[in-house]
> 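There's a structure below that I have some questions on.
Quick note: residue numbers are just sequence positions, from 1. Atoms within a ligand are numbered from 1 in the order they appear, just like the ligands themselves.
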Amino acid sequence: MPQTPELAESALPAQNLRLDSPVHHASTHADWWRRSVIYQVYPRSFRDTTGNGIGDLPGITRELPKIASLGVDALWLSPFFASPQRDAGYDVSDYCAVDPLFGTLGDFDDLVAEANRLGVKILVDIVPNHCSNEHLLFARALAEGPGSAAREMFVFRDGRGERGELPPNNWQSHFGGSAWTRVTEADGSPGQYYLHLFDSSQPDFNWDNPAVGDEFERILRFWLDRGAGGFRVDVAHALVKDPALPDWDGNPDGSPSPGFPFSDAPMFGRPGVHDVFRRWRGICDEYDGERVLCAEANVHPIEAMADWVRSDEMHQSFNFPFLHTGWDAPALKGIITRSLNAFDAVGAPSTWVLSNHDVARHATRFGTVAPATRPGDGLGPEDPQPDLELGLARARAATLFMLGLPGGAYLYQGEELGLGDHTELPHPLRQDPTYARTSGERLGRDGCRVPLPWSPGGPTLGFSDAGEAWIPQPATWQAMTRESQELDPDSTLWMYRNALGLRRARNLGLGDLSWLVDTGTPEVLGFANGGLLVIMNLGNAPFALPEGTVLQASSATAVDATGRLLSPDSTVWLLPA
Ligand code: GLC
């Protein structure tokens with residue numbers, strides 16, 4: 001039922017501020033995932049207790065109280081399964097085993113027990129589009145040859161050309177180069193090609209084969225039985241391909257380009273993919289505790305993404321269009337309104353996310369002063385370096401704005417410390433396959449995956465008990481550790497913790513949204529959620545606030561001493577007088 005926003009127009013007398021009619025109404029459903037805050041852990045960079053320079057499950061368990069104390073509902077763990085680590089664990093060789101780098105199944109059980117004690121859920125990152133070429137199923141497919149049932153688990157095709165010397169079609173890998181690799185058959189002859197939308201070490205499963213669905217049902221149940229609160233579903237838009245495998249000259253990631261709308265992409269968003277997730281939803285619903293599914297569905301436009309979260313499919317889908325909207329008030333207003341409309345139409349919450357392990361962190365994006373010399377993956381040592389102060393101010397403002405929005409929010413480990421990327425990482429240290437597959441044309445994503453700084457001093461700032469790290473931290477992190485921020489009430493860490501506490505206390509996740517109109521400048525964006533006004537100043541001049549009580553500001557200098565002026569690059573949560 002539509003509800004009137006609690007904030008009356010008369011509460012805003014200071015200027016001609018008015019509230020527009022609501023674009024989103026408070027939720028009448030109280031399910032946890034409609035208002036959740038989910039914290040992404042990237043295990044290899046979280047906390048290393050074994051001294052091998054790679055974070056591990058016991059490290060997560062050990063530090064879990066610190067994360068739970070932020071006020072999050074769940075942790076999503078990027079893959080920790082057995083894997084040759086060619087794509088940092090998104091190349092899985094055994095979905096029901098923990099890679100020894102990260103620990104054991106017993107360590108996972110300990111983590112779940114500690115999470116239960118602290119009242120947070122553990123979500124597992126499931127990778128159904130592809131596995132590792134070292135998975136037993138793929139080894140069988142190679143050994144048993146063309147036409148075998150084992151080969152039918154994957155997408156094998158004969159090559160084109162007289163001797164099959166050309167790949168079956170022109171599809172490109174997301175990481176660069178052809179999406180097909182030719183195998184050598186058991187008799188030593190050049191053989192068929194297999195499809196890999198990502199690295200050649202990541203063969204795509206054939207989801208037209210019911211045996212693949214059965215295998216994944218087994219895997220889902222394995223983790224649900226062990227107490228997983230649900231799954232983040234990797235590349236959830238790509239599982240089913242057009243069986244004709246036609247050529248595609250559009251962008252390899254499916255993003256629209258002239259003449260190539262996402263809806264025509266033969267490897268993304270095919271109707272059959274929804275049957276897969278309906279089955280998965282049925283499986284999750286058999287378990288107690290509202291186990292959830294969240295889609296990594298890179299789908300365009302946002303209205304199409306809503307198909308992944310219809311009532312019998314997933315619970316949530318990452319809002320990438322929101323993430324990719326820059327420091328741009330009208331664009332942000334537009335995408336937020338569109339997102340709420342799109343997800344409301346199917347009765348699902350919108351989600352909000354600013355950073356993850358695949359993109360430059362938002363403190364770096366918002367501090368970038370000149371375009372990168374290479375597209376796509378953040379900054380390298382040759383690029384003009386970011387303005388760290390500006391980036392941090394804007395990152396804090398953007399986060400506080402995001403946490404006021406109704407729906408579910410995602411946080412990426414370290415953003416609560418205000419961390420940006422390592423933008424001067426020496427190239428020889430890069431490990432993301434993108435760097436090698438594009439011969440260095442693209443940097444890859446290592447810069448946003450750097451081990452966390454826990455305490456000042458020592459070679460890895462408390463990340464590793466042995467002072468080892470798989471990739472180095474930037475020098476500036478010495479002043480940004482969790483331990484030092486705990487002691488500073490104005491720190492980014494405390495801004496996150498306070499905001500999350502208020503968000504929960506005021507039930508903002510289940511709230512409504514009405515835009516503030518006539519702020520006098522398009523650079524100031526504001527909305528009301530419940531009785532709270534959230535105002536962000538993206539412009540260059542201070543903004544005169546309406547009278548009220550400041551509940552939370554994005555920094556110590558965001559609001560002046562009178563409490564009436566909002567600085568540029570700042571956000572405030574205000575309770576109108
Ligand atoms: C997803 C993951 C990314 C990975 C890719 C292939 O996009 O987030 O890190 O490389 O899938 O699995």
Side-chain angles (χ1 to χ4, degrees), residues 38 40-46 76-93 95 99 123-135 138 154-155 171-177 179 181 195-205 207 216 219 231-239 251-255 265 267-269 273 293-300 305 308 314 316-320 323-324 351 353-361 376-378 410 412-413 421 430-438 442-450 471:
I38 301 180
Q40 179 188 359
V41 172
Y42 195 67
R44 65 172 42 229
S45 294
F46 189 76
W76 139 41
L77 270 49
S78 282
F80 50 82
F81 319 110
S83 161
Q85 306 291 326
R86 297 286 294 277
D87 183 22
Y90 283 93
D91 49 323
V92 183
S93 54
Y95 289 85
D99 195 286
L123 309 187
V124 169
D125 199 329
I126 208 77
V127 188
N129 180 67
H130 47 262
C131 60
S132 157
N133 60 346
E134 293 185 24
H135 196 292
F138 193 71
F154 298 90
V155 186
W171 294 4
Q172 296 293 298
S173 149
H174 281 244
F175 296 157
T181 291
L195 176 68
H196 51 87
L197 292 184
F198 293 89
D199 189 55
S200 54
S201 65
Q202 295 168 295
D204 279 40
F205 280 112
W207 275 89
F216 271 89
I219 295 163
F231 303 94
R232 177 261 189 191
V233 183
D234 192 63
V235 207
H237 51 300
L239 275 49
N251 295 333
D253 68 355
S255 57
M267 69 296 265
F268 299 124
V273 80
L293 298 166
C294 176
E296 187 210 25
N298 198 357
V299 171
H300 307 268
M305 192 189 284
W308 270 254
M314 301 216 197
Q316 296 184 340
S317 184
F318 294 119
N319 193 333
F320 291 119
L323 184 153
H324 291 299
T351 63
V353 56
L354 288 164
S355 283
N356 66 34
H357 66 293
D358 289 330
V359 294
R361 287 174 175 275
D377 302 306
Y410 278 83
Y412 175 46
Q413 69 178 35
D421 283 18
R430 297 192 184 280
Q431 301 198 15
D432 185 346
T434 312
Y435 185 71
R437 283 189 70 86
T438 62
R442 285 172 52 197
L443 289 177
R445 302 156 293 176
D446 297 301
C448 67
R449 300 175 169 182
V450 174
I471 208 163

> Among all protein non-hydrogen atoms, which one is nearest to atom 10 (O) of ligand 1, and what is the separation to 0.1 Å?
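Ranking protein heavy atoms by distance from atom 10 (O) of ligand 1, first comes Asp87 OD2, 2.6 Å.
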> With heavy atoms under 4.0 Å as the rule, classify the contact between Phe175 and ligand 1 as side chain, backbone, both or neither.
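Contact part for Phe175 vs ligand 1: side chain (C-beta onward).
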> Which atom pair, heavy atoms only, marks the closest approach of Arg361 to Ser355?
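So the minimum-distance heavy-atom pair works out to CA-OG, 3.4 Å.
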> Would you mind running through ligand 1 and noting each atom that sits below 4.0 Å from a heavy atom of Arg449?
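Contacts of ligand 1 toward Arg449, numbered from 1: 9 (O).
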> So between Glu296, Gln202, Arg232, whose heavy atom ends up nearest atom 7 (O) of ligand 1?
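Ranked by closest heavy atom to atom 7 (O) of ligand 1, first place is Glu296.
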> Which ligand 1 atoms, with their elements, are less than 4.0 angstrom from a heavy-atom of His130?
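Close to His130: 6 (C), 12 (O).
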> Name the closest protein heavy atom to atom 1 (C) of ligand 1, giving the residue it belongs to and the distance to 0.1 Å.
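Among all protein heavy atoms, the one nearest atom 1 (C) of ligand 1 is Asp234 OD1, 2.7 Å.
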> Which atoms of ligand 1 sit under 4.0 Å from any heavy atom of Arg445?
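Matching atoms, with element in brackets: 3 (C), 4 (C), 9 (O), 10 (O).
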> Taking the basic N atoms (NZ, or NE/NH1/NH2) and the acidic carboxylate oxygens, is any pair closer than 4.0 Å for Asp432 and Arg430?
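No salt bridge links Asp432 with Arg430.
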> Please state which protein non-hydrogen atom is closest to atom 5 (C) of ligand 1 and give its distance, to 0.1 Å?
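Heavy-atom neighbour on the protein nearest atom 5 (C) of ligand 1: Phe198 CE2, 3.8 Å.
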> Is the distance between the ring centroids of Phe198 and Tyr90 less than 6.0 Å?
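Here the rings of Tyr90 and Phe198 have centres that are no less than 6.0 Å from each other.
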> Under a 4.0 Å heavy-atom limit, does His174 contact ligand 1 with its side chain, its backbone, both, or neither?
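Contact part for His174 vs ligand 1: neither.
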> May I ask you to check whether Phe138 and His196 place their ring centers less than 6.0 Å from one another?
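Not close enough - the centres of the two rings lie 6.0 Å or further apart.
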> Test Arg449 against every option in Asp421, Asp358, Asp377 by the salt bridge (Lys or Arg N to Asp or Glu O under 4.0 Å) rule and name the one that passes.
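Of all the options given, the one that passes is Asp358.
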> When you measure from atom 8 (O) of ligand 1 to every protein heavy atom, which one gives the shortest distance, and what is it?
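Atom 8 (O) of ligand 1 sits closest to the protein heavy atom Asp358 OD2, 2.5 Å.
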> Test of understanding: with side chain to side chain donor-acceptor pair (under 3.5 Å), list the residues that count as partners of Asp91, not counting sequence neighbours.
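Partners of Asp91 under the side chain to side chain donor-acceptor pair (under 3.5 Å) test: Ser83.
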> Going by the angle between their ring planes, with limits at 30° and 60°, are His135 and Phe205 parallel, tilted or perpendicular?
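The arrangement is perpendicular - the two ring planes meet at more than 60°.
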